[in-house]
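Submitted below is the structure of interest, expressed as structure tokens.
The sequence lines fix the lettering, A, B, ..., with proteins before strands; numbering per chain opens at 1. Just so you know, these numbers use all the heavy atoms, side chains as well, and skip hydrogens, waters and symmetry mates. Quantities reported herein were computed from a predicted structural model and do not represent experimental measurements.
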2 protein chains.
Amino acid sequence: MLYNNIIDGICMKENEKTRYFDSVIYLMEQTVVYSKIKGAQFFTQLCMGVTIDQFVALDALYCNSDICQRDLSKLILKDRSNTGRILTILEEKGFITRAAETKGKRLVKKIYITDKGKELVEESIPKLRKAFFQVFEEVTDEEFDNLRNILNKLKTSLSKTTSIQI
Amino acid sequence: MLYNNIIDGICMKENEKTRYFDSVIYLMEQTVVYSKIKGAQFFTQLCMGVTIDQFVALDALYCNSDICQRDLSKLILKDRSNTGRILTILEEKGFITRAAETKGKRLVKKIYITDKGKELVEESIPKLRKAFFQVFEEVTDEEFDNLRNILNKLKTSLSKTTSIQI
DNA sequence: ATAATAATGTTGTAATTGCAACATGTAATT
DNA sequence: AATTACATGTTGCAATTACAACATTATTAT
């Protein structure tokens, strides 16, 4: 039996027509549409002065200190220009500071999360968890582990086959 | 043993700190960042006159004929304004036509895919499959089915707990 | 009958995005 | 030494997005 699991996701025999619209990739994209809207609405209602994307950058900085802008770019998967713009906003709001330093012999802008920034992360996380709690209610622990494993595989293979400018 | 699978994804004991940055939700979002860039680059190189989002709308129309704009909105998860804008472009390019008709007693704009539009979908699909082939190389059929099932659960539960204006 | 609500489509907008292009400095190659 | 390639950050931009607000018509509640 030959399957075309590639785009379709549904097991279809080789000569049948496939639809991108029904593919697993697109199902995942639609799931993310919802989760991004949910995340954005959450931070709007939270009124702590950051958007979800600004928060993600802060959260990445919370445990990855002593990194420069490009390193953060790689973590949050945004290009250097947009990462810089996010950091400008976070700096204006006092959640981070930036300082020109050397990395090897290279001049870079290193980023430091402030106490105010740390507080924001620490206060937001439990509320965020609460908001997303019910999303995983129907998902078993085993399914959860499976999901993480498969997503890691997909992300790895996509990162190898996609040219992204960071 | 108590797990907080909610945001973390990694099995963490209750009182440990959790990071959104390491959550499964965010892993999925990052995976989608790659797949969207890959899809966009694919259609840029294909030079058939449509973007990935315009193609998705066409693909949805290919098998869902006789629908109005709002119905398409629900399928492609874009709000009415943006769906209308995409359709304007597709109409200008001759891939669809629109006609004011009645749905029950309500006046709506029904969408009809043209032969040119059908051709575009039929020609693109095999190439698209080829481009995304390697992405799933390391994923077994079983994992693939798991992924689809879990994503469907997540999408369903997110759609219930997220207010989206369509 | 009247008012309130829902369905459908459009216009306007601020925010975000990926990308191209640039500037500046370092490393590698010739 | 000269040239080429890479690393890092910035500016500009066209495209896309979600959302608010509006217009119109139909449905429902009062």
Any luck finding a side-chain donor-acceptor pair between A:Arg70 and A:Thr83 under 3.5 Å?
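On atom types as modelled, these side chains do not qualify, holding no pair under 3.5 Å.
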
With a 4.0 Å heavy-atom cut-off, tell me which residues in residues 74-87 of chain A come close to DNA chain D, sorted by residue number.
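Residues of residues 74-87 of chain A under 4.0 Å from DNA chain D: A:Arg80, A:Ser81, A:Arg85.
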
Between A:Lys109 and D:dT8, is there a contact of a side-chain N or O with OP1 or OP2 at under 4.0 Å?
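It does not, given that no N or O in the side chain of A:Lys109 lies less than 4.0 Å from OP1 or OP2 of D:dT8.
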
Let me see the working for B:Gln30 and B:Tyr34 under side-chain hydrogen bond (donor to acceptor under 3.5 Å, both in side chains), right down to the final yes or no.
CA-CA 7 Å; B:Gln30 289 213 325; B:Tyr34 278 115; over 6 Å; no

Between P of D:dA7 and CD1 of A:Ile67, the distance in whole Å
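Atom CD1 in A:Ile67 sits about 17 Å away from atom P in D:dA7.
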
Starting at atom CD of A:Glu29, determine the distance to atom P of D:dT16, rounded to an integer number of angstrom.
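Distance check: A:Glu29 CD to D:dT16 P gives 15 Å.
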
Between D:dT10, D:dA26, C:dG9, which nucleotide has the shortest distance from any of its atoms to the side chain of A:Arg98?
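Closest of the options to the side chain of A:Arg98: D:dT10.
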
Above 12 or not: heavy atoms from other molecules or residues under 6.0 Å from CD of B:Glu123?
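Counting neighbours around CD of B:Glu123, more than 12 heavy atoms of other residues, nucleotides or ligands fall under 6.0 Å, so yes.
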
Does B:Ser73 offer a backbone N or O that forms a donor-acceptor pair with the side chain of B:Arg80 under 3.5 Å?
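Side chain of B:Arg80 to backbone of B:Ser73: no pair is present.
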
Just how far, in rounded Å, is C1' of C:dG9 from CG of B:Asp71?
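Roughly 13 Å, once rounded to whole Å.
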
Between the side chains of B:Arg98 and B:Glu91, is the shortest nitrogen-to-carboxylate-oxygen separation below 4.0 Å, so that they form an ion pair?
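Looking at B:Glu91 and B:Arg98, the cut-off is met.
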
Quick check on DNA chain C: between A:Gln165 and A:Asp53, whose nearest nucleotide comes earlier from the 5' end?
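The residue closer to the strand's 5' end, by nearest nucleotide, is A:Asp53.
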
Looking only at side-chain N and O atoms, does B:Gln69 come under 4.0 Å of OP1 or OP2 in C:dA7?
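Checking B:Gln69 against C:dA7: no side-chain N or O falls below 4.0 Å of OP1 or OP2.
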
Separation of D:dA18 P from A:Tyr34 OH (nearest whole Å):
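After rounding, the gap between these two atoms is 11 Å.
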
Please determine whether a side-chain nitrogen or oxygen atom of A:Arg70 lies at a distance below 4.0 Å from atom OP1 or OP2 of D:dT8.
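Answer yes for this pair, as a side-chain N or O of A:Arg70 is under 4.0 Å from OP1 or OP2.
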
Which atom of A:Phe144 lies closest to which atom of A:Val139, heavy atoms considered:
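Shortest heavy-atom separation between A:Phe144 and A:Val139 comes out as N-CG1, 3.8 Å.
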
Complementary nucleotide for C:dT30 - Watson-Crick or wobble, under 3.5 Å
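Here C:dT30 is engaged in a pair, and the nucleotide opposite it is D:dA1.
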
Does B:Glu142 CD have over 12 foreign heavy atoms under 6.0 Å away?
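Not buried by this count: 12 neighbours or fewer within 6.0 Å.
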
What is the distance from CG of B:Leu107 to C1' of C:dA6, rounded to the nearest Å?
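Rounded to the whole Å, the gap is 16 Å.
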
Quick check on contacts: within residues 39-48 of chain B, what sits under 4.0 Å from DNA chain D by heavy-atom distance?
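Residues of residues 39-48 of chain B that come under 4.0 Å of DNA chain D do not exist, since none gets that close.
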
Checking A:Asp79 side chain against A:Gln165 main chain: does a donor-acceptor pair fall under 3.5 Å?
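Side chain of A:Asp79 to backbone of A:Gln165, a donor-acceptor pair under 3.5 Å: no, none is there.
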
How far apart are the closest heavy atoms of A:Lys38 and B:Leu158, and which atoms are they?
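Closest pair (atom of A:Lys38, atom of B:Leu158, distance): CD-CD2, 3.7 Å.
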
Whole angstroms only, please: what is the CD1-P distance between A:Ile52 and D:dT17?
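In whole Å, D:dT17 P and A:Ile52 CD1 are 19 Å from each other.
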
Rounded to the nearest angstrom, tell me the gap between atom CD1 in B:Ile166 and atom P in C:dT8.
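Atom-to-atom, B:Ile166 to C:dT8, this comes out as 12 Å.
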
Nearest atoms (heavy-atom pairs only) where B:Gly39 meets B:Phe132
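Shortest heavy-atom separation between B:Gly39 and B:Phe132 comes out as N-CZ, 4.1 Å.
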
Separation of atom CG in B:Leu72 from atom P in C:dT8, rounded to whole Å
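That distance rounds to 13 Å.
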
What I want to check is whether an N or O donor and acceptor connect the side chain of B:Arg106 with the base of D:dT25 at under 3.5 Å.
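Indeed, a donor on one side and an acceptor on the other fall under 3.5 Å apart.
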
On DNA chain D, nearest-nucleotide positions of A:Lys110 versus B:Thr51: which is more 5'?
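Taking each residue's closest nucleotide, the earlier one in sequence belongs to A:Lys110.
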
